[in-house]
*Asks:* 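Starting off with a structure, shown below.
Numbers for residues simply follow the sequence, beginning at 1.
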Amino acid sequence: MRVAANEKAEAEKILQIKRAEGDAESKYLAGLGIARQRQAIVDGLRDSVLAFSENVPGTSAKDVMDMVLVTQYFDTMKEIGASSKSSSVFIPHGPAAVKDIAAQIRDGQLQARML
């Protein structure tokens, strides 16, 4: 009985180790996927900013990024409004200039992180 109990415990230990190794590998691969996704987003934004700046005289990369940020802001607000499960928004908002919206979004994200 003692030998059987030891063998059973050893088998359970091996199973737990294999599960942990599988979980670690899964998280590692998920991290690689997220890193690649973010790199693709950055590459796409860079290409868009450069193309827009070259084709629209008088615009800077900051102008384009402000426009992208405002577009994402309105897309986010639309998503929040469309979801029946949303009840709170941590982004301050007011009828201000486009540059002010970018600052408000940054401040809102910092405030949300602090909560």
Side-chain angles (χ1 to χ4, degrees):
M1 292 293 268
R2 221 177 301 174
V3 172
N6 283 340
E7 292 296 325
K8 184 177 179 182
E10 190 63 30
E12 186 61 35
K13 175 182 164 186
I14 291 170
L15 285 173
Q16 287 180 353
I17 290 170
K18 291 297 179 186
R19 279 190 210 111
E21 288 173 349
D23 188 45
E25 182 69 15
S26 173
K27 288 177 181 176
Y28 172 77
L29 292 174
L32 282 179
I34 290 169
R36 287 179 183 155
Q37 178 187 30
R38 289 181 180 161
Q39 185 62 49
I41 290 169
V42 168
D43 291 344
L45 282 173
R46 183 190 61 238
D47 293 345
S48 295
V49 167
L50 290 174
F52 193 90
S53 296
E54 290 171 0
N55 294 324
V56 180
T59 59
S60 68
K62 183 175 180 347
D63 295 332
V64 177
M65 288 308 297
D66 284 344
M67 185 180 70
V68 168
L69 186 61
V70 169
T71 302
Q72 288 180 330
Y73 168 75
F74 285 120
D75 287 345
T76 300
M77 294 304 288
K78 186 172 104 179
E79 290 287 326
I80 290 170
S83 174
S84 62
K85 295 179 182 179
S86 297
S87 61
S88 299
V89 178
F90 293 102
I91 301 174
H93 179 69
V98 171
K99 286 184 178 181
D100 193 35
I101 291 175
Q104 288 180 17
I105 291 171
R106 287 186 205 103
D107 291 344
Q109 289 174 341
L110 291 173
Q111 290 173 8
R113 288 183 188 155
M114 292 174 74
L115 294 177

*Asks:* Output the rest of the hydrophobic cluster of Tyr28: all Ile, Leu, Val, Met, Phe, Trp and Tyr residues reachable through side-chain heavy-atom contacts under 4.5 Å, sorted by chain and number.
*Replies:* Leu29, Leu32
*Asks:* Given 3.5 Å as the limit, does a donor-acceptor pair link the side chain of Thr76 with the main chain of Gln72, or not?
*Replies:* yes
*Asks:* Less than 4.5 Å apart, side chain to side chain, heavy atoms only: is that true for Lys13 and Gln16?
*Replies:* no
*Asks:* Walk me through whether Asp23 and Arg19 qualify under salt bridge (Lys or Arg N to Asp or Glu O under 4.0 Å).
*Replies:* CA-CA 6 Å; Asp23 188 45; Arg19 279 190 210 111; over 6 Å; no
*Asks:* Of all residues at least two apart in sequence or in a different chain, which pass the side-chain hydrogen bond (donor to acceptor under 3.5 Å, both in side chains) check with Gln39?
*Replies:* Asp43
*Asks:* Tell me whether Val49 is reachable from Val56 by hopping between hydrophobic residues (I, L, V, M, F, W, Y) whose side-chain heavy atoms are closer than 4.5 Å.
*Replies:* yes
*Asks:* Scan Asp47, Ile41, Val42 and name whichever one has a side-chain contact (heavy atoms from CB on, under 4.5 Å) with Leu45.
*Replies:* Ile41
*Asks:* How long is the gap from CD on Glu10 to CG on Leu15, to the nearest 0.5 Å?
*Replies:* 10.5 Å
